[in-house]
Colleague: 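Below you'll find the structure I mean.
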Amino acid sequence: MRRSGSAKIVRSKHVEWKGGCSVRPLPLAESLERVMEAYSSRGCFYGSVLVGLKGEILLKKGYGLANVEFGIANSAAYPFRIASFSKAFTAQAVLALQEQGRLHITDRLVRHFPAFPHKEITIEHLLAHTSGLDDASFSLASWQIAQRLYHTAEKRLESANKPLLFAPGSRSMYSNLGYMLLAALIEQCSGKSYTAFLEEQLFRPLGMDHTGNDDGRKVVRHLAAGYSVHKEDVIRAEFADMSYGQGAFSLYSTVEDLYRWYERHVKPSFRGDAPYAFGWGKDQFTIGGTVFPFYWLAGDVSGYTAYMVNAVDEDVCIIVLGNIDITPVAGIAKQLAHLVLGDELLFLPPQPQQTSIEPPFAVRGIYRSVRFEDTRELEENKLLARLEEATAGDIANGMFLRDFELLAINPAEAFLVLESRNKAYLYIRIRYSWVMLELIPVAVSNKSIEYTTSYYDGRLELSSDGRVVRGIFTYPDGKRLEALASVRK
C-alpha cells in the first residue's frame with residue numbers, strides 16, 4: 001500500500017527496548033539518542049546528526065571528535081564537507097537562472113560555450129546524469145594526480161574533450177564531470193563566481209550562514225577535520241584539492257543549516273511529484289505493509305561522508321554528517337528513519353569485547369565469492385605478505401590494484417584476512433576505498449569464529465570444514481558478502 005499525502009499516520013511516541021526479560025517503552029527522542037550513543041560508544045560514529053519531524057527537532061547533536069589531534073568534540077553547529085550533496089545545490093542554482101530567464105535546461109551547452117565539443121549535450125543531460133561524458137574522476141590516475149591539483153573553470157571544461165561513452169539521453173551514468181560543467185555554466189550565465197552566486201541566491205536568503213563553497217584555500221571556521229582508518233588507528237584522510245570538484249562535491253554545511261534548507265526550500269519544492277529533483281535519489285521504506293517513499297542525498301569525499309533522508313510526505317528529515325570516511329551514514333540514517341516512521345528498532349551495533357580468543361583454524365587468505373582454480377598459491381602469498389606490511393598511503397593510492405587484476409580478484413566480490421604482529425585484519429573495499437580494519441574476536445567454537453570490526457559496524461563470521469574456510473561479512477545495512485578461501489599459512 002502506498003501512502004497518500006492526506007492519509008493519517010498513527011505513530012507511537014515510544015519505542016520498546018528489550019533488556020533481559022523486561023520491556024520498557026522509551027520516548028522517541030530518547031530512543032533516537034540511544035541508537036546514536038550505541039554507534040558512538042564503540043567508535044563507529046564521529047559526526048553530527050539532526051532528526052526533524054513535522055517541524056520539531058527530535059535530535060540534534062555531535063558525536064566523537066571534530067579534531068582528533070586537539071581532542072575537540074564534534075558539535076551540531078560545526079560544518080562538515082557535504083560532498084555530493086553539492087549537486088542538489090548546483091541544480092537549484094541552475095533552476096534559479098532558468099527562472100531569471102538566463103538559460104533554459106533544454107538549451108544545448110554550445111549555446112553558452114560555443115567551443116564545447118559535444119553539440120548534442122543539453123543542460124538537462126548534465127543535470128540528469130545522461131550526458132554520456134567520459135568522467136575520469138573515479139579513475140586511479142585522476143585520484144593520484146588531477147584531484148590533488150588546483151583547477152580553474154577552463155581546466156574543468158577541457159576534461160570534457162574525450163569521446164562520449166554513449167549518445168546523450170540514451171542511458172544514465174553518474175557523472176561528477178557533468179556537475180563541474182554546470183558550475184562553469186552558472187558562472188558564465190550569472191557573471192559571478194559559483195561561490196558568490198550560491199551565497200547571494202541560495203544561502204543568504206535561506207539563512208544558511210555556515211554553508212559555503214570550499215575552493216581548497218578558504219579557512220572555514222570550526223570545520224571538522226576529515227579522517228580515515230588504518231588497522232587500529234584513526235588517520236588523516238588523503239588530500240584532495242577541493243577546487244577540482246567545484247559544483248559536484250565542493251560545498252560544506254552544518255546539520256542546522258541543512259535543516260533550514262529542508263524547511264524553507266526542499267519541503268515546499270518537493271510536494272507532489274518533484275519534477276526537478278536533480279541531484280537527489282529516490283527510494284522507499286516498507287513498514288508494516290505501508291510504503292513510505294523518500295528522496296535521499298549521499299556524499300563521500302576525502303574523509304567526510306554524508307546522508308540525508310527527505311520523506312517529505314511525512315515531513316521527516318534526517319541528516320547524518322560524518323568525518324571518518326568509512327562511517328555507515330546511510331545505514332544510520334535509515335535506522336533512525338525507521339524509528340521515526342513507527343517501526344521497531346532494526347538492530348544495534350554490538351559492543352565489542354577485546355579478548356585473547358585464538359581462532360581454531362588458520363584464517364589468513366583471499367576470500368572470493370565465486371569458485372576459482374586454486375593454482376596461484378605463491379603469488380597470493382606474496383600479495384598477502386606485502387599487504388601485511390603496507391602503509392595507509394600505499395593502500396589509499398592504489399598500490400595493489402594491479403596485483404588484484406593479475407590474480408583475478410574482483411573488488412566487489414572479495415575480501416582478504418591478514419595477520420600482522422599477532423593480530424587479524426580485514427582488507428575490504430567500503431564504497432570507493434580499500435581499508436584495513438582490525439578484527440576483534442567476539443565468539444568462537446571448534447569450527448567457527450566471529451569478529452567485529454574497528455570503527456565500522458561490520459561483522460565477519462568464518463567457519464572451516466578442514467579444506468576451505470567460508471566467510472560471511474555483514475555490512476552495517478545488513479547486506480552480506482559470502483566468500484570462500486583456501487587458507488594461506
Side-chain angles (χ1 to χ4, degrees), residues 78-105 107 109 112-113 123-124 126-127 150-157 175-223 240-270 276-280 295 297-299 301 304 306 308 310 319 321:
Y78 287 175
F80 293 71
R81 287 176 177 165
I82 57 174
S84 288
F85 279 32
S86 305
K87 293 179 175 67
F89 289 96
T90 299
Q92 186 180 337
V94 169
L95 294 175
L97 286 167
Q98 178 173 259
E99 290 177 5
Q100 295 168 13
R102 303 188 190 191
L103 57 77
H104 195 279
I105 63 172
D107 292 348
L109 212 56
H112 305 281
F113 297 107
I123 296 171
E124 190 167 11
L126 299 180
L127 287 165
Y150 175 69
H151 275 64
T152 61
E154 292 76 14
K155 198 166 185 179
R156 292 184 211 101
L157 282 167
S175 175
N176 283 319
L177 177 57
Y179 274 77
M180 295 177 202
L181 298 180
L182 289 171
L185 177 71
I186 290 166
E187 294 185 331
Q188 178 78 357
C189 292
S190 70
K192 298 176 180 177
S193 70
Y194 175 79
T195 299
F197 186 79
L198 265 66
E199 199 169 286
E200 293 173 14
Q201 298 293 318
L202 308 186
F203 305 146
R204 200 176 298 160
L206 293 172
M208 300 174 69
D209 297 331
H210 304 288
T211 302
N213 184 48
D214 187 348
D215 62 3
R217 278 93 193 134
K218 182 177 182 178
V219 175
V220 181
R221 283 181 56 80
H222 305 301
L223 179 71
D241 194 309
M242 297 306 293
S243 68
Y244 173 84
Q246 180 166 285
F249 49 81
S250 57
L251 300 184
Y252 62 87
S253 190
T254 67
V255 292
E256 295 173 324
D257 271 10
L258 289 170
Y259 191 63
R260 289 188 186 95
W261 177 55
Y262 168 80
E263 282 287 315
R264 299 173 185 179
H265 172 77
V266 174
K267 187 164 63 174
S269 302
F270 275 67
Y276 295 123
F278 297 121
W280 293 81
Y295 292 91
L297 292 175
V301 63
Y304 301 84
M308 180 174 179
N310 159 22
I319 305 158
L321 307 180

Colleague: What heavy-atom pair brings M242 and F249 nearest, and what distance separates the two atoms?
Modeller: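 It is CE-O, 3.1 Å.
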
Colleague: Would you please test V266 and W280 for side chain to side chain contact (heavy atoms under 4.5 Å, CB included) and show each step?
Modeller: CA-CA 11 Å; V266 174; W280 293 81; 4.0 Å; yes

Colleague: When you check the side-chain N and O atoms of N213 and S250, is any donor under 3.5 Å from an acceptor?
Modeller: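 Yes, a side-chain donor-acceptor pair sits under 3.5 Å.
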
Colleague: Quick one: list whatever passes side chain to side chain contact (heavy atoms under 4.5 Å, CB included) with T90, sequence neighbours left out.
Modeller: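 In terms of side chain to side chain contact (heavy atoms under 4.5 Å, CB included), with neighbours along the sequence ignored, T90 is linked to Y179, L182, I186, Y194.
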
Colleague: When rounded to the nearest 0.5 angstrom, what is the spacing between CD in Q100 and CG in L95?
Modeller: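 Reported to 0.5 Å precision, the distance equals 11.0 Å.
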
Colleague: So which atom in A91 and which in F278 form the shortest heavy-atom distance, rounded to 0.1 Å?
Modeller: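 Minimum heavy-atom contact is CB-CB, 3.6 Å.
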
Colleague: Who passes side chain to side chain donor-acceptor pair (under 3.5 Å) against Y78, sequence neighbours left out?
Modeller: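 In terms of side chain to side chain donor-acceptor pair (under 3.5 Å), with neighbours along the sequence ignored, Y78 is linked to no residue.
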
Colleague: Roughly how far, to the nearest 0.5 Å, is CZ of R102 from CG of D107?
Modeller: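 One finds 14.0 Å between CG of D107 and CZ of R102.
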
Colleague: Less than 4.5 Å apart, side chain to side chain, heavy atoms only: is that true for S190 and L97?
Modeller: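 Yes. Closest side-chain heavy atoms under 4.5 Å.
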
Colleague: What's the verdict on side-chain hydrogen bond (donor to acceptor under 3.5 Å, both in side chains) for K87 and N176, showing C-alpha distance, side-chain angles and the deciding distance?
Modeller: CA-CA 9 Å; K87 293 179 175 67; N176 283 319; 2.7 Å; yes

Colleague: NZ of K218: more than 12 outside heavy atoms within 6.0 angstrom?
Modeller: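 Atom NZ in K218 is crowded, with more than 12 foreign heavy atoms closer than 6.0 Å.
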
Colleague: Once ring pair (Phe, Tyr, Trp, His ring centres under 6.0 Å) is applied, do any residues pair with Y252, and if so which ones, sequence neighbours excluded?
Modeller: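 Partners of Y252 by the ring pair (Phe, Tyr, Trp, His ring centres under 6.0 Å) criterion come out as none, since no residue qualifies.
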
Colleague: What's the spacing between Q246 CD and S193 OG if we round to 0.5 Å?
Modeller: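 One gets 7.5 Å once the value is rounded to the nearest 0.5 Å.
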
Colleague: Is it true that a side-chain atom of K192 and a backbone atom of F197 form a donor plus acceptor pair closer than 3.5 Å?
Modeller: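 No, the answer is negative, given that no donor and acceptor are paired below the 3.5 Å cut-off.
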
Colleague: Within this structure, what is the NE2-CD distance for the pair H104 and Q98, rounded to the nearest 0.5 Å?
Modeller: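 Here the interatomic distance stands at 4.0 Å.
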
Colleague: Identify the two heavy atoms, one from A248 and one from M180, that lie closest to each other, and give their separation to 0.1 Å.
Modeller: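 So the two residues come closest at CB-CG, 4.1 Å.
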
Colleague: Tell me, do F80 and T254 make a side-chain contact under 4.5 Å, heavy atoms counted?
Modeller: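 The answer is no, as the side chains (C-beta and beyond) never meet within the 4.5 Å cut-off.
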
Colleague: My understanding is that only residues two or more places apart in sequence, or in another chain, count here; which of them pass side chain to side chain contact (heavy atoms under 4.5 Å, CB included) with Q92?
Modeller: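 With neighbours one apart ignored, the set is F89, L202, L206, W261, H265.
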
Colleague: Knowing that exactly one of V301, L258, D214, V255 qualifies, which makes a side-chain contact (heavy atoms from CB on, under 4.5 Å) with I82?
Modeller: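 For I82, the side-chain contact (heavy atoms from CB on, under 4.5 Å) test succeeds with only one of V301, L258, D214, V255, which is L258.
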
Colleague: Once rounded to the nearest 0.5 Å, what's the spacing between atom OH of Y295 and atom CE of M308?
Modeller: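 Rounded to the nearest 0.5 Å, the OH-CE separation comes to 13.0 Å.
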
Colleague: Grab the two heavy atoms, one from A183 and one from G247, that are nearest each other, plus how far apart they are.
Modeller: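 In terms of heavy atoms, the two residues are closest at CB-CA, 3.7 Å.
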
Colleague: My understanding is that only residues two or more places apart in sequence, or in another chain, count here; which of them pass side chain to side chain contact (heavy atoms under 4.5 Å, CB included) with R217?
Modeller: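 Side chain to side chain contact (heavy atoms under 4.5 Å, CB included) check on R217 returns Y150, D215, D241, S243.
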
Colleague: How far apart are the closest heavy atoms of L103 and I105, and which atoms are they?
Modeller: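 Result for this residue pair: CD1-N, 4.3 Å.
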
Colleague: Any chance you could measure E124, atom CD, to L109, atom CG, to the nearest 0.5 Å?
Modeller: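 Rounded to the nearest 0.5 Å, the CD-CG separation comes out at 13.0 Å.
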
Colleague: So, for L251 and S86, which heavy atoms are closest and what is the spacing to 0.1 Å?
Modeller: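 Looking at all heavy atoms of both residues, the closest pair is N-OG, 3.0 Å.
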
Colleague: Can you name the side chain to side chain contact (heavy atoms under 4.5 Å, CB included) partners of T211, sequence neighbours left out?
Modeller: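 Applying side chain to side chain contact (heavy atoms under 4.5 Å, CB included) to T211 gives F203, M208, S253, D257.
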
